[in-house]
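Encoded as structure tokens, the structure appears first; notes follow it.
One-based numbering, in listed order, for ligands and for the atoms of each. Counting begins at 1 with the first residue of the sequence.
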Amino acid sequence: MPSRSNNPLADKLAASLADGTFVRLVLSSPVGGEVEKIIGRLIALKSGRHLSLTYRYPTRDVTKNLPLADAPAWLRNQVPRTFRSALLGTTRADWQLHDTRLVRHKPLTTEPPACSHDHSRHRVLGNAPWLPAHPDKRRQIDRYAEIFSHLAQECRWPAAPVIADMGCGKGYLTFAVWHLLRDRGARVIGVEQRPELVAAANQLAQQISATGLEFVPGTIANVELPTLDGLIALHACDTATDDAIRRGITQKAQLIIVAPCCHRQIRPQLGKPEPLAPVLAHRLMAERMAEWATDGLRILALEAEGYRVKAIEFVASEHTPKNLMIAAIRTGKPGNGEQVAAFKKFFGIQHHAVLDGDDWTPPAPETTKRHSSHGMPNER
Ligand SMILES: C[S@@+](CC[C@H](N)C(=O)[O-])C[C@H]1O[C@@H](n2cnc3c(N)ncnc32)[C@H](O)[C@@H]1O
């Protein structure tokens, strides 16, 4: 039997599920344990409507679906026992519960969200014509969009937010984010250096009358853009990811989400500090460390600039080995710039594109390795 606690929000939740005014549920301030937050939304399954609960762990999300009838008892069991705070969004009011104190706020939205369907793999986006045909890419876009929509709820965006997708390619993700935000009057801009991709994406946007969606040719570092509320990038090559982060920071974008691609800038700079030197003498280990250091510095740079950052694997590695996602929400409280300097100093890194810009000539590559008589490369 779940223990019943004094939780006045449970009755509000039951009422909102019954009369169709439910918008969302967010549990935060965990009392202990690993789960940082639980986010609830309505979902339609074959067996009827459920409350879909996303359990947010430090590096992953786990989803559980709860029959609506069980939701109030579940909430009573969670707050204040495992979470101290809960927010119930309804179309009439937003209710904030902290411990046992319930406060009413104006509703964030007066429109109930569409109850999404569980298409098992492709839950958020349905089957739009702009989605990629390849299942792995499709999975990436779907998960990215799902995470984007969760994080967007945490941002205090204006009514018509402006979002840029940097290095958007054919625009799969740009279309997806526009699709998620189209009812909010959002302006979504895809930035791409290849003009033929920009032309094709604009043509498709016109065909489907996608108001608020546009694709512009140019480079991430220099293209002219309005003030951004959010910035995203999926597999923007090499330092294009850094250019994107840098533009997001400069613009004070509230939300920055990048999933990096290849890494080239740090590898030739990476020193061999003790006691790592004998390990880094192995080329593969040095390459992996360079990738780790590149992304590590991206995280530290964002934190130093006043962002709360999470690094997660956004899809399983079978869908792409480039499955790291760095998601950052601006808090405005600057972090510790000394950590960035210490990290660079430790690895002997002189230049990182997020911190120092793109205008830099890397040192000459390492000399070619020789091969030993038994066919193994001599790496030391
Ligand atoms: C690997 S593709 C990814 C495309 C898209 N984001 C996706 O995941 O489907 C990288 C794209 O970024 C573009 N790109 C790379 N560097 C860029 C830059 N500095 N400015 C603008 N676009 C860039 C490339 O032309 C390419 O289309």
Original post:
So which of Ala240, Ala221, Ala259 gets nearest to atom 16 (N) of ligand 1, if we judge by its closest heavy atom?
Top reply: Ala240
Original post:
In ligand 1, which numbered atoms sit nearer than 4.0 Å to a non-hydrogen atom of Arg194?
Top reply: 25 (O)
**OP:** Compute the minimum heavy-atom distance from Cys261 to ligand 1 and say whether it is under 4.0 Å.
**Re:** no
Original post:
Can a non-hydrogen atom of Lys170 be found less than 4.0 Å from any atom of ligand 1?
Top reply: no
Original post:
Any N/O of Thr219 closer than 3.5 Å to an N/O of ligand 1?
Top reply: no
Original post:
Are Lys12 and Asp94 ion-paired here, with the side-chain N under 4.0 Å from a carboxylate O?
Top reply: no
Original post:
Hey, is Glu36 close enough to Lys310 for a salt bridge, meaning N to O under 4.0 Å?
Top reply: yes
Original post:
Counting from 1, what ligand 1 atoms have a heavy atom of His235 closer than 4.0 Å?
Top reply: 1 (C), 2 (S), 3 (C), 10 (C)
Subject >> Within 6.0 Å of CZ in Arg182, more than 12 heavy atoms from elsewhere >> reply: yes
Original post:
Which atoms of ligand 1 have any heavy atom of Tyr172 under 4.0 Å away?
Top reply: 9 (O)
**OP:** Answer yes or no: is there an ion pair linking Glu305 with Lys252, defined by an N-O contact shorter than 4.0 Å?
**Re:** no
**OP:** Determine, using ring centers only, whether Phe148 and Phe314 are less than 6.0 Å apart.
**Re:** no
Subject >> Interfacing atoms of ligand 1 (cut-off 4.0 Å, heavy-atom, Cys168) >> reply: 4 (C), 5 (C), 6 (N)
Original post:
Which atoms of ligand 1 sit under 4.0 Å from any heavy atom of Gly218?
Top reply: 20 (N), 21 (C)
**OP:** Pull out every atom of ligand 1 sitting under 4.0 Å from any heavy atom of Cys237, numbered as shown with elements.
**Re:** 10 (C), 15 (C)
**OP:** Look at atom 26 (C) of ligand 1 and say which protein heavy atom is nearest, naming residue and atom and giving the distance to 0.1 Å.
**Re:** Glu192 OE1, 3.5 Å
Original post:
Do the ring centers of His179 and Trp130 come within less than 6.0 Å of each other?
Top reply: yes
**OP:** Report yes if Gly167 has an N/O atom closer than 3.5 Å to an N/O atom of ligand 1; otherwise report no.
**Re:** yes
**OP:** Check for a donor-acceptor pair, side chain of Glu313 on one end and backbone N or O of Val315 on the other, with a separation under 3.5 Å.
**Re:** no
Original post:
So how far is it from Leu87 CG to Leu97 CG, rounded to the nearest 0.5 Å?
Top reply: 10.0 Å
**OP:** Look only at interatomic distance and state if Gln193 has a nitrogen or oxygen under 3.5 Å from any nitrogen or oxygen of ligand 1.
**Re:** yes
Original post:
Does Ile220 reach ligand 1 with a nitrogen or oxygen that is under 3.5 Å from one of the ligand's nitrogen or oxygen atoms?
Top reply: yes
Subject >> Polar atom proximity, Leu234 to ligand 1 (N or O, under 3.5 Å) >> reply: yes
Original post:
Taking 4.0 angstrom as the limit, do Arg138 and Asp142 come out as a salt bridge?
Top reply: yes
Original post:
Are the charged groups of Arg298 and Asp242 less than 4.0 angstrom apart, N to O?
Top reply: yes
**OP:** Using a strict 4.0 Å cut-off to heavy atoms of Lys137, name the atoms of ligand 1 that fall inside it.
**Re:** 7 (C), 8 (O), 9 (O)
**OP:** Give a yes/no verdict on whether any heavy atom in Ala233 is under 4.0 Å from an atom of ligand 1.
**Re:** no
Original post:
Under the 6.0 Å and 45° cation-pi test, does Lys137 pair with Tyr172?
Top reply: no
